[in-house]
Participant: 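Following this message is one structure expressed as structure tokens.
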Amino acid sequence: MFSFPLQQPVAIFLLVLLVILLGPLVFRRLKIPQIVGLILAGMAVGPYGFNLLDRDSSFRIFGEVGILYIMFLAAVEIDMFHLRKYMKKGIVFGLLSFSLPMLFGIFGSRYAFGVDWTTSVLIASMYASHTLVSYPTVSKFGLSNQRAAVVAVCGTIVAVLLALIALAQVVTVHLRGTFQWQDVVRLLVLMVIYAAVVGWSFPWLTRRFFKQNNDSVSQFIFILALVFVASLLAKVIGLEAILGAFYAGLVLNKMIPDRSSLMRNIRFVGNAIFIPYFLIGVGMLINVGVIVKGWNVAWVAANMTLVALVAKWLAAYGAQKMFRFSAVDRRLIFGLSSGKAAATIAATMIGYEYGMLSEDVMNGAVVMILFCCIVSSLATERSAKKIRMAITAEDLSHEDMGRGEYARQVVAVSNPLTSAGLMKLALFMRAPANRSEICALFVRNSDDPGVKAMGRNAMREAVQTAENADIRVKEIERFDINVASALSNVGREVNNTEFIIGLHRKGNIVDTFYGSMVEQLLRSTNKMIFMSRCFIPLNTVDRIFIVVPENAEFETGFQLWIMRLANLGAAIGARLIILAYPKTEEYMRAALTEGGYEVRYEFRTMCVWDDFILLSGQITEEDILVVIGARKGSLSCCSELDSMPGFLGRHFSRHNLIMVYPKQF
């Protein structure tokens, strides 16, 4: 019934799924990294192994998507704060990672293989380029924002871009006989135009799509479509698709918060299907049997592997010494930069197609790819484990001395249209390491079936949002005539640090800005309260304006609300613009510096409250305005805050607004 290699689509896909499912179980017992295991599995089931599967169009398509996915994921997981911080180091490492292999490769190939200078440059470009084959390991250990990982990823783009330009010029010289400077200039001009068009249009389109569509599946498909558009446009102008995918990830980075259902979907689909398919496809290309056909192939493979690995190790060593990194950082950089796949395979195939590479060199290059992938995976996994253990030990030793109290939040929900947004606000304000459960509370003061149904739908939306971010939720439904009393009592029961509720919307002309319930809650609890009204998704916000009253630094919850807002800014990649009095500004700078928050911020000094009135004209409907309030009788309470509700109601009715009442004694 079955003939090999398998031809039936169902049988092919079933076998691949079995490899993806059962492979890690076997590899784990043999203590083989999963990435290496999948490549070896591809070798076993491929045409050069047991010939169970042919490397047909499905593997070529899924393999191409897999490498694009790895590059996109590497870009989208990097926090822009860290990217800006280590960008220069990444560029320097990229230049090292390109120049050293090129130097070794040109002279080594010329004298070891006896090829001409043009072919030597082609082989050197294969050494200079590398692929982030082992990046999924970094992602698995949560090290995407570690300095070594960021430097390695930035360096990858620089090295691959330069290697591809070198490859293109080698082919041009081979075909035309001369070097064409105008081709390089043309490519650089097209790159600038490409970067400007994609960099402006993609965020603009994404903001508008996200505002109109809140469905995580539709958002995922939209993001994936943009990645392929960027990749296709990169191919059109003469670059490799992997560079387009990486750039798309950078451009869309802040639109995809780490703790969001969209990011969870992106990681799940990539790790479950696309990336394993790519690794299996790489394995199917490799024919280790060519080594035994003659000593020449073995010599070529050994020479190419040694030169490629030594050159990349020297580049990592140079980066370590220049940037004063640790030895384990060097090993992680080496691990990430020593793997070879996409660009190297492309150079090999192009060189063989144009007759620049002999069959022995082509076979040696394929074997080199295998050994480089194995070394890359082993080095990355071992160094990632050590870095993760060191970070965990440091977190435990500073458990009680860190950045303040972990959030234990009560999120009050009643409206399905706003409950998911409130829960996202709660998630984004938490410290990344905080895994404690969130309390979702629905309080009703009526037995009306419509009220019950609406509240339970709101609860369902909130719970789903938190679970998408792998945060447990405690669901509480209460009946109470006094909603404020119910909120306060539940807060005592769960020992919460803060309440997160929707900002009241005036129902009639005599209604107050906050509403009677909020005013009662302020009197009945001393816990911190966040009241939110956001008309746009939080992940589309670029700026958060924070208005701080005089003497706010003397309130009990001063550092706590700074921590929450700093976490919010870091999570959504927004810049904090803080309007504060000079003395308060000093304390806020100290709190932000000592806390080590990875967020961009700037201060606008207020000398009198009218300065806020003047600066308020800069706040647009695309920003969030955060006003730090004060309870009656507190140290920071002032007449200006008493008039704030009226001012906000007149001038900021269509703006995104968060009111914060800090914790009090």
Side-chain angles (χ1 to χ4, degrees), residues 79-81 84 199-212 214 251-257 260 418 420-422 424-429 500-505 513 530-549 552 561-580 584-585 588 592 597-606 609-629 640-641 644-661:
D79 186 271
M80 297 306 290
F81 176 87
R84 293 185 184 92
W200 177 84
S201 63
F202 276 28
W204 184 85
L205 288 170
T206 305
R207 283 194 183 93
R208 271 135 194 85
F209 184 85
F210 282 11
K211 288 177 184 178
Q212 301 297 324
N214 197 37
V251 168
L252 299 172
N253 183 289
K254 74 171 300 297
M255 306 288 181
I256 310 173
S260 66
T418 60
L422 290 173
K424 287 178 181 177
L425 177 64
L427 293 170
F428 293 154
M429 288 195 298
I500 299 171
I501 63 177
L503 189 62
H504 173 71
R505 302 193 181 191
F513 181 79
F530 289 90
M531 292 174 280
S532 171
R533 182 192 69 201
C534 288
F535 298 109
I536 62 175
L538 285 169
N539 53 317
T540 64
V541 172
D542 282 325
R543 301 185 300 177
I544 301 175
F545 283 83
I546 305 173
V547 183
V548 187
W561 65 256
I562 292 176
M563 176 185 182
R564 301 294 187 261
L565 295 179
N567 287 334
L568 174 62
I572 64 176
R575 184 170 76 255
L576 306 184
I577 300 176
I578 305 167
L579 286 65
T584 306
E585 179 181 326
M588 288 195 69
L592 288 167
Y597 303 106
E598 296 162 350
V599 64
R600 294 173 295 152
Y601 60 88
E602 62 183 78
F603 283 90
R604 309 276 180 87
T605 303
M606 288 196 303
W609 193 258
D610 286 345
D611 291 339
F612 162 62
I613 308 299
L614 296 174
L615 290 169
S616 64
Q618 301 177 17
I619 305 172
T620 71
E621 295 179 11
E622 303 294 320
D623 304 320
I624 293 179
L625 172 61
V626 179
V627 178
I628 309 302
E640 289 85 357
L641 285 178
M644 180 63 75
F647 177 77
L648 295 175
R650 288 191 302 273
H651 302 287
F652 288 87
S653 61
R654 298 180 60 85
H655 287 69
N656 309 297
L657 179 63
I658 298 176
M659 295 293 303
V660 183
Y661 278 85

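Please read all numbers here as calculations on a predicted model, not as lab measurements.
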Participant: Is it the case that the side chain of Asp623 and the backbone of Thr620 share a donor-acceptor pair, with hydrogens and angles ignored and the cut-off at 3.5 Å?
Facilitator: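 At least one qualifying donor-acceptor pair exists.
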
Participant: Do you know the tightest heavy-atom contact between Met255 and Phe210?
Facilitator: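 In terms of heavy atoms, the two residues are closest at O-CE2, 3.6 Å.
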
Participant: Applying side chain to side chain contact (heavy atoms under 4.5 Å, CB included) to Ile578 and Leu592, what does each step give before you reach the verdict?
Facilitator: CA-CA 12 Å; Ile578 305 167; Leu592 288 167; 4.1 Å; yes

Participant: When rounded to the nearest 0.5 angstrom, what distance separates OH in Tyr597 from CE in Met563?
Facilitator: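 It comes to 5.5 Å.
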
Participant: Determine, stepwise, if the pair Leu615 / Phe545 fulfils side chain to side chain contact (heavy atoms under 4.5 Å, CB included).
Facilitator: CA-CA 10 Å; Leu615 290 169; Phe545 283 83; over 6 Å; no

Participant: One pair to check against side chain to side chain contact (heavy atoms under 4.5 Å, CB included): Arg207 and Asp542. What are the steps and the verdict?
Facilitator: CA-CA 11 Å; Arg207 283 194 183 93; Asp542 282 325; 2.5 Å; yes

Participant: Ignoring hydrogens and geometry beyond distance, is a side-chain donor-acceptor pair present between Gln618 and Arg543 at under 3.5 Å?
Facilitator: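 Result is no, nothing qualifies.
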
Participant: How many angstroms lie between atom CG of Leu205 and atom CH2 of Trp200, to the nearest 0.5 angstrom?
Facilitator: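 That separation rounds to 7.5 Å.
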
Participant: Passes side chain to side chain contact (heavy atoms under 4.5 Å, CB included), Phe81 versus Val599? Steps please.
Facilitator: CA-CA 6 Å; Phe81 176 87; Val599 64; 5.6 Å; no

Participant: To the nearest 0.5 angstrom, please state how far the CD1 atom of Ile544 sits from the CG atom of Leu568.
Facilitator: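 The CG atom of Leu568 is 4.0 Å from CD1 of Ile544, to the nearest 0.5 Å.
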
Participant: Among Val626, Val660, Leu579, which residue satisfies the side-chain contact (heavy atoms from CB on, under 4.5 Å) criterion with Ile546?
Facilitator: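 With Ile546 as partner, Val626, Val660, Leu579 yield a single side-chain contact (heavy atoms from CB on, under 4.5 Å), made by Val626.
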
Participant: Is there a donor-acceptor contact under 3.5 Å from the side chain of Arg575 to the main chain of Gly569?
Facilitator: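 The answer is no, because no donor-acceptor pair under 3.5 Å joins these two groups.
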
Participant: Do you know the tightest heavy-atom contact between Arg564 and Met429?
Facilitator: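 Scanning both residues completely, I find the closest heavy atoms to be CD-O, 3.5 Å.
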
Participant: Report the relative orientation of the aromatic rings in Phe647 and Phe612; use parallel for angles under 30°, tilted for 30 to 60°, perpendicular for over 60°.
Facilitator: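 Taking Phe612 first and then Phe647, their aromatic rings stand perpendicular (interplane angle over 60°).
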
Participant: With rounding to the nearest 0.5 Å, note down the distance linking CD1 in Ile613 to CE in Met606.
Facilitator: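 Nearest 0.5 Å value for the CD1-CE distance: 9.5 Å.
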
Participant: So, for Gly502 and Leu422, which heavy atoms are closest and what is the spacing to 0.1 Å?
Facilitator: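 Looking at all heavy atoms of both residues, the shortest contact is N-CD1, 3.7 Å.
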
Participant: Please give me the minimum heavy-atom distance between Lys211 and Ile536, naming the atom from each residue.
Facilitator: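 That would be CE-CG2, 3.6 Å.
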
Participant: Taking all heavy atoms of Gly421 and all of Leu538, pick out the closest pair and write down the distance.
Facilitator: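 Looking at all heavy atoms of both residues, the closest pair is O-CD1, 4.3 Å.
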
Participant: Looking only at atom types and distance, does a side-chain atom of Asn656 sit under 3.5 Å from a main-chain N or O of Glu621, one as donor and one as acceptor?
Facilitator: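 Between the backbone of Glu621 and the side chain of Asn656 there is a qualifying donor-acceptor contact (under 3.5 Å).
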
Participant: Quick check: closest heavy atoms across Ile628 and Pro549, and the distance to 0.1 Å?
Facilitator: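 What the structure gives for the nearest pair is O-CD, 3.2 Å.
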
Participant: Nearest 0.5 angstrom please: Met588 CE to Leu565 CG, how far?
Facilitator: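 One finds 7.5 Å between CE of Met588 and CG of Leu565.
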
Participant: Check for a donor-acceptor pair, side chain of Arg533 on one end and backbone N or O of His655 on the other, with a separation under 3.5 Å.
Facilitator: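 Yes.
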
Participant: Is the shortest side-chain heavy-atom distance between Val548 and Phe603 below 4.5 Å?
Facilitator: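 A side-chain contact under 4.5 Å is absent here.
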
Participant: Would you confirm whether Ser260, through its side chain, and Ile256, through its main-chain N or O, come within 3.5 Å as a donor-acceptor pair?
Facilitator: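 Not at all, since once roles are kept as given, no pair shorter than 3.5 Å links the two residues.
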
Participant: Does the side chain of Leu657 reach to within under 4.5 Å of the side chain of Val627, using non-hydrogen atoms?
Facilitator: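 Contact flag for Leu657/Val627 side chains = yes.
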
Participant: Taking atom OG1 of Thr418 and atom CD1 of Ile501, what is their separation to the nearest 0.5 Å?
Facilitator: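 One finds 11.0 Å between OG1 of Thr418 and CD1 of Ile501.
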
Participant: Set out, in order, the CA-CA distance, both residues' side-chain angles and the distance that settles salt bridge (charged side-chain N to carboxylate O under 4.0 Å, His left out) for Arg604 and Asp611, then state yes or no.
Facilitator: CA-CA 9 Å; Arg604 309 276 180 87; Asp611 291 339; over 6 Å; no

